[in-house]
**Q** 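Next up is a structure, given as structure tokens.
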Amino acid sequence: EGSCHGCPSSALTLKMTIEDAIREAAPEITSIVIVDAEAKVSLRKGLPIAELGSASGNGYNPDIESSWEEVTNMQQLEAPGIHVVSMAGHDVLFCRLTESLYAYAEKCPACGHELGTGELVGRALTCASCGDTYDVVKAGRGISQPAYHMQPFPLLVENGRARVALPVTHAAVGAA
């Protein structure tokens with residue numbers, strides 16, 4: 001279960017991992033259609049995806065296109081604490097707790113300021129701007145305000161490499 005345990009993005013991590021394995025094993029496949037998409041049932045404990053989301057609208061969203069991005073310098077994430085890395089147009093907040101690594105959007109869901117300037121004590125991350133706290137182990141759930149929830153990113157760590165599933169940002173095409 002690792003860092004996915006209790007995370008609303010775990011279903012997306014599983015979906016993307018399975019799709020990648022299918023594409024690698026059968027590159028001739030042009031598309032993958034999930035037949036049971038209407039049910040939107042999480043493989044974890046059978047809870048509907050809607051129940052895994054949050055009042056702030058963060059968390060798993062099956063309709064957002066995402067792609068796996070590799071963390072190019074894993075050494076910067078080895079020390080316990082908070083690390084912000086710019087990847088594929090996103091500022092990703094990595095929280096290292098001894099052996100476990102977690103990835104989130106850097107913005108505080110309560111005030112919108114950067115969480116990278118906050119303080120991580122144990123598993124509680126406190127925003128330096130508004131003082132709200134979040135549990136990084138429990139998928140960024142609000143401690144001081146349960147209605148707020150950090151946006152987790154699916155994260156796979158294998159063989160000393162890490163990949164993060166980030167929403168695809170499409171560059172705006174301007175008329176010349």
**Q** Take Leu77 and Val85, measure what side chain to side chain contact (heavy atoms under 4.5 Å, CB included) needs, and give me the verdict at the end.
**A** CA-CA 9 Å; Leu77 305 178; Val85 178; 4.1 Å; yes
**Q** So, do His113 and Cys130 sit near enough that their side-chain heavy atoms are less than 4.5 Å apart?
**A** no
**Q** A side-chain contact here means heavy atoms from C-beta on lying under 4.5 Å apart; do Phe153 and Val92 qualify?
**A**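 A side-chain contact exists here, since the closest heavy-atom pair is under 4.5 Å.
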**Q** Can you name the closest pair of heavy atoms from Tyr148 and Asp132 and give their distance?
**A** CD1-OD2, 4.3 Å
**Q** Considering non-hydrogen atoms only, spot the tightest contact between Met87 and Leu166 and give its length.
**A** O-CD1, 3.5 Å
**Q** Please check: side-chain N/O of His149 versus main-chain N/O of Pro109, any donor-acceptor pairing under 3.5 Å?
**A** no
**Q** Of all heavy-atom pairs between Glu69 and Ser67, which one has the smallest distance, and what is that distance?
**A**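 Answer, listing the atom of Glu69 first, then Ser67: OE2-OG, 2.9 Å.
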**Q** Got a sec: does the CD of Glu99 have more than 12 other heavy atoms crowding it under 6.0 Å?
**A** no
**Q** How many angstroms lie between atom CD1 of Ile82 and atom CZ of Arg96, to the nearest 0.5 angstrom?
**A**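 Between Ile82 CD1 and Arg96 CZ, I get 14.0 Å after rounding to 0.5 Å.
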**Q** Quick one, Cys111 with Cys127, criterion side chain to side chain contact (heavy atoms under 4.5 Å, CB included). Give me CA distance, side-chain angles, the key distance, then yes/no.
**A** CA-CA 9 Å; Cys111 70; Cys127 176; 3.7 Å; yes
**Q** Are Cys95 and Leu120 close enough, and set up right, to give a side chain to side chain contact (heavy atoms under 4.5 Å, CB included), and what steps lead you there?
**A** CA-CA 8 Å; Cys95 297; Leu120 183 63; 4.3 Å; yes
**Q** Please table the atom pairs, donor to acceptor, closer than 3.5 Å between any side-chain atom in residues 155-163 and protein atoms at least two apart or in another chain.
**A**
from   : atom 1 : to    : atom 2 : distance (Å)
Arg161 : NE     : Glu70 : OE2    : 2.9
Arg161 : NH2    : Glu70 : OE1    : 2.9

**Q** Mind checking side chain to side chain contact (heavy atoms under 4.5 Å, CB included) for Ala124 and listing every partner two or more places apart, or none if nothing turns up?
**A**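 So Ala124 forms a side chain to side chain contact (heavy atoms under 4.5 Å, CB included) with Ile143.
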**Q** Minimum heavy-atom separation for Glu106 to Val84, with atom names?
**A** OE2-CG2, 3.5 Å
**Q** With the side chain counted from C-beta on, respond yes when Asp91 and Glu114 share a heavy-atom pair under 4.5 Å apart, and no when they do not.
**A**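 A side-chain contact is absent here, since even the closest heavy-atom pair is not under 4.5 Å.
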**Q** Report yes or no: does His83 contribute a side-chain atom to a donor-acceptor pair with the main-chain N or O of Gln76 at less than 3.5 Å?
**A** yes
**Q** Find out whether Lys138 and Arg123 are in side-chain contact, i.e. whether some heavy atom of one side chain is under 4.5 Å from a heavy atom of the other.
**A**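 SC-SC contact between Lys138 and Arg123 confirmed.
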**Q** Dump the intermediate steps for side chain to side chain contact (heavy atoms under 4.5 Å, CB included) on Val164 and Phe94, then the final yes or no.
**A** CA-CA 10 Å; Val164 181; Phe94 289 95; 3.7 Å; yes
**Q** Grab the two heavy atoms, one from Cys108 and one from Tyr134, that are nearest each other, plus how far apart they are.
**A**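 Nearest heavy atoms, Cys108 then Tyr134: SG-OH, 3.2 Å.
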